[in-house]
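Have a look at the structure below, then the notes.
Scope of the values below: all heavy atoms of this structure, side chains included, with no hydrogens, waters or symmetry mates. The first residue in the sequence is number 1, and the count goes up from there.
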Amino acid sequence: MSTARTVGASLFIAAFLTTAIAAPASARPEAAPDAPPTQSHGFGQCPLQRIDDQFVRCDDLTGAGVRAPSWIPEQHARFF
């Protein structure tokens with residue numbers, strides 16, 4: 001009976017140490033080595049702005065539909 005207890009305790013300790021030592025996995029995006037340079041519209045990087053409640057940068061909607069807060073500067077209408 002004590003052999004079964006010893007084996008059980010050893011297995012428990014081994015399993016505990018295995019899970020305690022294992023580091024959690026983490027992911028992060030990496031830039032592709034052949035990625036094109038960031039888009040430039042002739043006036044450098046465009047600041048993040050909003051139109052109504054949508055994020056916009058360089059006249060491109062961005063933000064994946066997340067509502068822009070009111071403290072983000074609003075882009076004024078441009079008529080060409």
Side-chain angles (χ1 to χ4, degrees):
M1 188 99 145
S2 83
T3 305
R5 249 187 220 173
T6 305
V7 170
S10 297
L11 289 174
F12 175 77
I13 290 171
F16 176 77
L17 289 176
T18 301
T19 57
I21 294 173
S26 63
R28 60 185 167 142
E30 292 184 7
D34 57 348
T38 57
Q39 186 177 11
S40 176
H41 291 276
F43 47 86
Q45 291 284 36
C46 303
L48 182 64
Q49 296 178 325
R50 66 182 171 90
I51 296 178
D52 195 25
D53 63 351
Q54 295 293 313
F55 286 110
V56 66
R57 185 183 304 265
C58 296
D59 293 333
D60 295 322
L61 287 177
T62 184
V66 176
R67 296 188 71 172
S70 60
W71 55 267
I72 300 288
E74 190 165 12
Q75 186 180 75
H76 299 289
R78 297 181 194 157
F79 298 103
F80 296 99

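To the nearest 0.5 Å, atoms CG (Asp53) and CD (Glu74) are separated by 9.5 Å.
Trp71 is not connected to Ile51 by any chain of hydrophobic side-chain contacts under 4.5 Å among Ile, Leu, Val, Met, Phe, Trp and Tyr, and they are in different clusters.
Residues that satisfy the side-chain contact (heavy atoms from CB on, under 4.5 Å) test with Ile72, not counting sequence neighbours, are Leu48, Arg50, Phe55, Pro69.
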